[in-house]
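I have placed the structure first, in the form of structure tokens, so that the comments after it can refer back to it.
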Amino acid sequence: MDVRDLHGWPATAEEAEEIQDRLRPLLDLDGPGPQAPRLIAGLDVSYEGDGGGQGGRLAAAVVVLDAATLDVVEESVVTGTAAFPYVPGLLAFRELPALVEALRRLSATPDLLVCDGYGLAHPRRFGLACHLGVLTGLPSMGIAKTPFVGAYDPPGERRGDASPVRHDGEVVGRVLRTRDGVKPVFVSVGHRVDLDTACRHALALTPRYRLPETTRRADRLSRDALADLASPA
DNA sequence: GCGACAG
DNA sequence: ATCTTGTCGC
């Protein structure tokens with residue numbers, strides 16, 4: 001049983017957008033959110049072949065880290081198929097079923113979910129991080145590698161420097177420099193956490209590299225799972 | 001009307 | 001996301 005059986009699944013972009021509009025009011029944006037989480041989960045999905053259409057093979061990974069040491073506490077990875085074609089703004093409908101299943105197989109309950117992509121900084125204010133937060137009830141946030149919606153001024157060159165991302169007259173996220181002189185990342189809240197707290201977690205998760213350890217670990221795990229699919233050990 | 005467009 | 005060679009820098 002997966003999320004598609006619970007509420008059906010959109011067959012068209014219009015239906016998908018309706019679902020986002022219907023779930024958005026369920027978001028908790030009051031914050032501040034977890035200040036000292038013990039377990040932080042990273043989520044990522046890898047695709048096989050041309051990862052643009054629907055039905056292609058994929059691997060969804062969740063890696064739970066000890067927030068204090070960034071050591072891996074638990075891993076979960078599932079293979080499946082893309083549940084929707086890639087459409088900017090509708091990424092969640094592609095990856096949600098596999099990600100939710102991977103989360104379901106976890107024995108630990110994370111205090112925070114860190115997604116590879118956006119939360120509130122989304123055309124309809126309901127990116128993947130928001131959707132996962134509402135479905136699980138867990139605090140969630142997104143860290144994306146490239147710009148999507150909104151305008152911003154380039155942040156300063158030092159780690160920790162940041163500037164707001166504005167869209168339709170609202171601050172929907174923050175461009176954050178996680179390493180000195182390296183291209184910044186885009187942080188936005190998902191559910192039950194505020195932007196300041198999300199950025200603090202983003203910095204805590206990047207002691208060495210531009211991308212957070214959560215997504216680095218989940219990316220490697222999902223990639224390896226796909227490789228094993230092609231040529232099992 | 002014409003581009004741009006998370007992963 | 002994935003497909004791919006070489007190249008610059010620590």
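Chain A is the first sequence line, chain B the second, and so forth, proteins listed ahead of strands; every chain is numbered from 1. Worth knowing before you read on, the calculation uses all heavy atoms, side chains too, and leaves out hydrogens, waters and symmetry mates.
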Self-check item: Secondary-structure stems for DNA chain C, with pairs counted as Watson-Crick or G-U when both distances are under 3.5 Å and runs at least 3 long
Solution: none
Quiz item: Under the 6.0 Å and 45° cation-pi test, does R57(A) pair with Y47(A)?
Solution: no
Self-check item: Interface with DNA chain B, restricted to residues 75-103 of chain A and to heavy atoms under 4.0 Å
Solution: Y86(A), P88(A), G89(A), L90(A), L91(A), R94(A)
Quiz item: Do Y86(A) and E95(A) have a side chain donor and acceptor closer than 3.5 Å?
Solution: no
Quiz item: Do T178(A) and T206(A) get their side chains close enough for a donor-acceptor pair, meaning under 3.5 Å?
Solution: no
Exercise. Please map the stems of DNA chain B, keeping only stretches of three or more Watson-Crick or G-U wobble pairs with both distances under 3.5 angstrom.
Key: none
Quiz prompt | Residue-level proximity of residues 132-152 of chain A to DNA chain B when a heavy atom falls under 4.0 Å | solution = A144(A), K145(A), T146(A), P147(A), F148(A)
Practice problem: May I ask you to test the F148(A)-H122(A) pair for a side-chain heavy-atom distance under 4.5 Å? | Solution: yes
Self-check item: Distance in Å, H191(A) NE2 paired with L113(A) CG, rounded so as to fall on 0.5 Å steps
Solution: 10.0 Å
Self-check item: Short N-O contact, R200(A) and D196(A), less than 4.0 angstrom
Solution: no
Self-check item: Heavy-atom side-chain contact between P85(A) and F93(A) under 4.5 Å
Solution: no
Tabulate atom names and distances for all N/O pairs under 3.5 angstrom spanning the protein and nucleotides 2-10 of chain C.
residue: dT2(C); atom: O4'; partner: G49(A); partner atom: O; Å: 3.4

Quiz item: Does R105(A) reach the main-chain N or O of A102(A) with its side chain, forming a donor-acceptor pair under 3.5 Å?
Solution: no
Exercise. Taking heavy atoms of chain A and a 4.0 Å limit, find me the 5'-most and 3'-most nucleotide of DNA chain B within that range.
Key: dC5(B) to dG7(B)
